[in-house]
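These notes concern the structure reproduced below.
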Amino acid sequence: MVQGKFKILDDLDLYKTLTCGQAFRWGLYRDGKFSYAKLDGEGFIWSIVYNNFLALKQEKDYIYYKSSSDKFYIPQIGKTLNIEEFLHFYFKFDKNITELYRIMEKDRILKDALIHRGIRILRQEPFETTITFIFSAQNTVYNIAKSVYLLSKKYSKDLIFPTPEFISKLKVEDLKELPVRFENRVISAIEFSKHVLNGFNLYKLVNYNYELAHQTLTSIKGIGNKIADCILLFSLDFDEAFPIDVHIKNMVFKYYRDELNLKENRSLTDKEYKTISAFFRRKYGKWAGWVQEYLYALSRKPDIS
DNA sequence: GTCCAGGGTGGCG
DNA sequence: CGCCACCATGGA
């Protein structure tokens, strides 16, 4: 057990960042149950990240932390970090978000999204992120969180996220209770785990360029354009990835219809997805994914925070 | 009851 | 290519 406080190096809204829809394991763990996005009596929010139990609370310019260990092994960079190095890594304090705010202030739509300032993109664990977003298809944040929780509970009492070995040995019937929308989501998760065991190195994608990394992921069955972009943005450091879900699609049709020459609001073809995604990538570069997250926050109903 | 949620695949023209 | 059927949970 390690505890202390970490001086925040750049703008951060801890709660919004952990509950804006990029991470699904932050909340309250009590009595063998998990309540997504809930705080404990002391105002801490809990999770299991990179195999450690971790509790965080923000007070002004500090993050107060309690961790089950001071060692965080980060497979995609092959290094072990201590808790403070980890927080720096996880919240991407190597990026100065005021640069993004200056871009947003000048934009007719994005300036409204500044009410959500403090949201940062996280560096999450890639294998966990992949399985999580495979579960996300046409599903709610609450049910995605519940699915990941039930899967982890099946693996260990500590609620550590399961290994590829464990998931690859599961049968569809073992995961009947997961509230995923389609059975093929469970099948894809199991098949992806087998793919990893057969030698597919997810972590080496950090060294690819965006196009190749995206193409590599979408060539895997069960992973399409949107899920690939979520994996790249939320776990593999591709800040230029621009995932387009239904909310983003609606925002694009509402505010960018003329610029993108879009006609009616219907589901996107593969070509349209790539055109829209590339449009924002060209416009915002390494901030495109962050812009996407602020548009997402703006479009979501204020049920959380 | 109806509507919708951080989608993807395969088949057909 | 574009379009479309299909998959088949749970909360508001």
Side-chain angles (χ1 to χ4, degrees), chain A residues 16-26 34-37 113 116 119 121-122 124 128-151 172-173 175-192 195 214-236 238 241-254 261-277 280 288-305:
Chain A
K16 281 190 179 182
T17 295
L18 300 178
T19 60
C20 70
Q22 58 177 323
F24 297 86
R25 305 204 70 190
W26 289 95
F34 170 56
S35 302
Y36 172 77
H116 296 295
I119 292 179
I121 298 297
L122 299 167
Q124 302 185 71
E128 173 180 331
T129 302
T130 303
I131 299 296
T132 300
F133 278 94
I134 285 174
F135 289 159
S136 76
Q138 287 280 299
N139 210 346
T140 57
V141 169
Y142 177 83
N143 277 334
I144 298 163
K146 190 173 180 183
S147 300
V148 176
Y149 170 70
L150 290 174
L151 176 62
V172 177
E173 303 80 61
L175 299 175
K176 280 288 184 198
E177 77 261 34
L178 304 205
V180 292
R181 191 71 175 67
F182 311 111
E183 194 179 71
N184 72 12
R185 298 295 89 198
V186 171
I187 295 169
S188 294
I190 296 170
E191 290 302 310
F192 176 73
H195 190 40
H214 188 267
Q215 191 189 350
T216 303
L217 285 174
T218 53
S219 70
I220 297 166
K221 197 166 176 176
I223 300 176
N225 286 326
K226 190 269 174 182
I227 293 178
D229 277 325
C230 286
I231 297 164
L232 293 176
L233 177 61
F234 299 139
S235 75
L236 288 166
F238 286 90
F242 190 88
I244 306 172
D245 74 319
V246 283
H247 299 286
I248 296 296
K249 186 204 69 175
N250 291 336
M251 292 295 277
V252 169
F253 272 92
K254 189 171 178 183
N261 200 17
L262 301 167
K263 294 187 176 72
E264 50 179 328
N265 189 351
R266 46 172 172 69
S267 57
L268 301 176
T269 64
D270 179 75
K271 194 177 179 181
E272 283 172 326
Y273 183 101
K274 284 173 176 158
T275 302
I276 297 170
S277 188
F280 284 96
W290 296 59
V291 164
Q292 178 274 162
E293 202 56 36
Y294 278 91
L295 282 174
Y296 181 76
L298 192 61
S299 72
R300 273 221 299 181
K301 290 195 170 69
D303 50 356
I304 298 165
S305 82

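The sequence lines fix the lettering, A, B, ..., with proteins before strands; numbering per chain opens at 1.
Here A:Ile223 lies in heavy-atom contact (under 4.0 Å) with sugar-phosphate atoms only. A:Asn225 comes within 4.0 angstrom of sugar-phosphate atoms only, judged by non-hydrogen atoms across all strands, and of no base. Heavy atoms of A:Phe234 sit under 4.0 angstrom from at least one base atom. Among the atoms of the strands shown, none is found under 4.0 Å from any heavy atom of A:Glu272.
A salt bridge links A:Arg266 with A:Glu272; the closest basic N to acidic carboxylate O contact falls under 4.0 Å.
Between A:Ile248 atom CD1 and B:dG7 atom P the separation is 11 Å, expressed in whole Å. Rounding to whole angstrom units, CD1 of residue A:Ile227 and C1' of B:dA5 are separated by 14 Å. Between the CZ atom of A:Arg266 and the C1' atom of C:dC1 there is a distance of 12 Å, given to the nearest Å. Atom NE2 of A:His214 and atom C1' of B:dG7 are 13 Å apart (whole Å). When the P atom of B:dT9 is taken as reference, atom CG of A:Leu217 falls 12 Å away, rounded to whole Å. Taking atom NE2 of residue A:His247 and atom P of nucleotide B:dC3, one finds them 18 Å apart after rounding to whole Å. Between A:Ile220 atom CD1 and B:dG8 atom P there is a gap of 13 Å when expressed in whole angstrom units. Remark: P of C:dG2 and NZ of A:Lys263 are 10 Å apart, rounded to the nearest angstrom.
What you find for A:Cys20 and A:Ile119 is that their closest heavy atoms are SG-CG2, 4.0 Å.
For CZ of A:Phe253, the number of neighbouring non-hydrogen atoms (other residues, nucleotides, ligands) closer than 6.0 Å is greater than 12.
Where A:Lys226 and A:Gly222 meet DNA chain B, the nucleotide closest to each residue was compared, and A:Lys226 sits on the side nearer the 5' end.
The only member of A:Arg181, A:Arg185, A:Lys226 that meets side-chain contact (heavy atoms from CB on, under 4.5 Å) when paired with A:Ser136 is A:Lys226.
For an aromatic pair to be called close, the ring centres must be under 6.0 Å apart, and A:Phe234 with A:Phe133 satisfies this.
With sequence neighbours excluded, the residues forming a salt bridge (charged side-chain N to carboxylate O under 4.0 Å, His left out) with A:Lys274 are A:Asp270, listed by chain and number.
Counting heavy atoms from C-beta on, the side chains of A:Leu233 and A:Pro243 come closer than 4.5 Å.
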Which letters describe nucleotides 6-12 of chain C, given B = protein heavy atom under 4.0 Å from base, S = only from sugar-phosphate, - = neither?
-> -BBBS--

